[in-house]
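Report on the structure given below.
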There are 2 protein chains.
Amino acid sequence: MADGRVERGNQTRRAVLERTVKIASVDGLEGLSLGKIATDLGLSKSGVFALFGSKEDLQLATVRAAREVFVEHVVRPVREAPPGAAKAWQLFLSWLEYSGRRVFPGGCFFYSVSAEFDARPGPVRDEVARARADWIGYVERVLDEARLAGAFRPGFEAADVPQLAFEVMALMELANAHSVLHEDPSAYERAGRGILGRLRAVAAAPDELPERPPAVDYAV
Amino acid sequence: MADGRVERGNQTRRAVLERTVKIASVDGLEGLSLGKIATDLGLSKSGVFALFGSKEDLQLATVRAAREVFVEHVVRPVREAPPGAAKAWQLFLSWLEYSGRRVFPGGCFFYSVSAEFDARPGPVRDEVARARADWIGYVERVLDEARLAGAFRPGFEAADVPQLAFEVMALMELANAHSVLHEDPSAYERAGRGILGRLRAVAAAPDELPERPPAVDYAV
DNA sequence: TTACCGAACGCACGGTCGTTCACTCTGTCG
DNA sequence: CGACAGAGTGAACGACCGTGCGTTCGGTAA
């Protein structure tokens with residue numbers, strides 16, 4: 001089963017998801033409207049509906065599509081780097097860029113939809129929670145690989161990794177939240193400074209990390 | 001203009017807002033429905049509508065009501081304490097309790113609605129942004145009063161206060177987010193540990209602060 | 001060629017939404 | 001006392017929502 005008839009459907013699906021991830025980052029997954037999307041893309045409401053089966057399935061597909069964008073922009077640029085503190089720092093910088101350059105117009109997609117669904121049981125919340133858990137797992141893995149590569153001072157043990165990951169992610173997410181709500185890109189510099197402070201505090205060779213984060217050159 | 005006729009209206013308004021702040025912390029301010037609220041309280045939809053004038057006004061009133069609850073639970077218990085690092089730590093603990101004990105069933109009200117409205121211009125977003133800005137200002141003031149009281153090491157200057165406030169608030173908010181989405185109260189301990197780490201790192205007398213945060217005794 | 005499958009359409013449904021309007025009732029106040 | 005104001009009602013509105021059904025059309029596979 002290859003090309004042609006089903007390919008057209010896949011293209012339409014991709015076109016729809018291209019819109020929905022953007023819309024959802026601003027208005028939330030509940031703000032998606034089949035009719036609106038159909039009109040925007042010159043399709044019929046029932047056509048869009050048929051492509052996904054239900055609104056909930058469209059929401060789930062949107063989360064998965066956003067996940068791919070996230071991986072593409074945040075994880076992939078760093079994936080091949082050798083383990084170490086520098087790789088971790090690159091990963092976090094990559095996230096700050098992803099958020100600050102508004103890959104999604106409403107800031108980080110997962111920040112928005114996590115807050116939207118965090119207290120509402122259901123498949124969508126489960127999918128969002130899974131995506132977030134995977135992201136946390138990846139951050140912790142990168143940090144632990146750095147630790148195993150001897151990037152951190154003696155005394156910094158495996159058990160300290162989740163705490164460090166937590167503190168770094170907190171800074172990243174507040175940068176996103178603050179910059180979007182207050183249209184203040186300086187939050188990214190604050191976050192970068194905080195992250196570097198945490199990394200340099202535990203790094204075996206702090207001087208291999210920059211003293212300060214790069215200046216933010218994107219206005220929001 | 002005193003009691004009786006207008007008092008009944010005020011009581012109804014209060015009853016409505018008591019519901020809406022809880023609903024909004026779970027389903028968002030957009031999830032409020034005049035009809036649902038009216039049915040729940042045994043009123044007519046138009047009656048509720050008339051009390052507030054429009055849905056947007058109801059949303060604004062809800063934000064203001066939530067703000068009062070926030071001040072009551074977070075700021076008031078600490079307000080009279082003498083300036084210093086201990087007061088700051090008490091304030092942050094107070095926030096973690098407010099979030100963790102689910103004063104609002106969906107976790108921190110302002111976390112939810114900030115994420116909901118951060119990218120949508122309008123009066124509601126402005127009100128939310130103002131509330132958040134005031135909260136940031138209060139945190140910075142408490143920290144600066146501690147600084148002026150000599151609570152921090154020499155070298156810690158006024159210019160460092162916003163950065164410290166940013167890092168502390170990041171930890172608090174991720175504790176809220178993580179605990180709600182993953183039903184994992186251990187995030188509050190991580191946040192507490194991180195906050196204490198930051199405070200002790202700059203405190204003139206670190207030993208007057210606890211080494212570890214109190215164990216969390218609330219399950220979420 | 002025939003038989004099928006999936007994309008996409010048009011239409012209609014039942015429901016909910018915020019809002020409007022005319023109305024009743026009753027404390028408050030000149 | 002009489003006039004006003006504000007709480008609350010009930011019915012109706014127009015708009016939009018997600019969903020279901022029947023159908024058309026064209027690419028795919030036997």
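Small disclaimer: the values here were computed from a predicted structure and weren't measured.
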### Query
What pairs with B:Arg19 under salt bridge (Lys or Arg N to Asp or Glu O under 4.0 Å), at least two apart in sequence or on another chain?
B:Asp40
### Task
Output every pair passing side chain to side chain donor-acceptor pair (under 3.5 Å) with a member in residues 108-121 of chain A, not counting sequence neighbours, ordered by first then second residue.
A:Glu30-A:Arg120
### Query
Is there any salt bridge (charged side-chain N to carboxylate O under 4.0 Å, His left out) pair reaching into residues 61-76 of chain A, and which pairs are they, with sequence neighbours excluded?
A:Arg64-A:Glu127, A:Arg67-A:Asp134, A:Glu72-A:Arg76
### Query
How would you list, by chain and number, every residue that makes a salt bridge (Lys or Arg N to Asp or Glu O under 4.0 Å) with B:Glu183, sequence neighbours excluded?
A:Arg125
### Query
By a strict heavy-atom criterion of less than 4.0 Å, which residues belonging to residues 14-25 of chain B are in contact with DNA chain C?
none
Enumerate the protein-to-nucleotides 13-17 of chain C contacts in which both atoms are nitrogen or oxygen and the separation is below 3.5 Å.
unit_1, atom_1, unit_2, atom_2, d
C:dC17, OP1, B:Ser33, OG, 2.9

### Query
For B:His182, which residues count as a ring pair (Phe, Tyr, Trp, His ring centres under 6.0 Å) partner, sequence neighbours excluded?
B:His178
Tabulate atom names and distances for all N/O pairs under 3.5 angstrom spanning the protein and nucleotides 20-25 of chain C.
none

### Task
Go through the structure and list residues passing side-chain contact (heavy atoms from CB on, under 4.5 Å) with B:Arg14, not counting sequence neighbours.
B:Glu7, B:Asn10, B:Gln11
## Note on the structure
side-chain contact (heavy atoms from CB on, under 4.5 Å) filter on B:Ala158, not counting sequence neighbours, yields B:Asp144, B:Arg147
### Residue pairs, two or more places apart or on separate chains, that pass salt bridge (charged side-chain N to carboxylate O under 4.0 Å, His left out) and touch residues 82-99 of chain B
B:Glu97-B:Arg101
## Note on the structure
The side-chain contact (heavy atoms from CB on, under 4.5 Å) partners of A:Glu167 (sequence neighbours excluded) come to A:Gln163, A:Arg198, B:Leu171
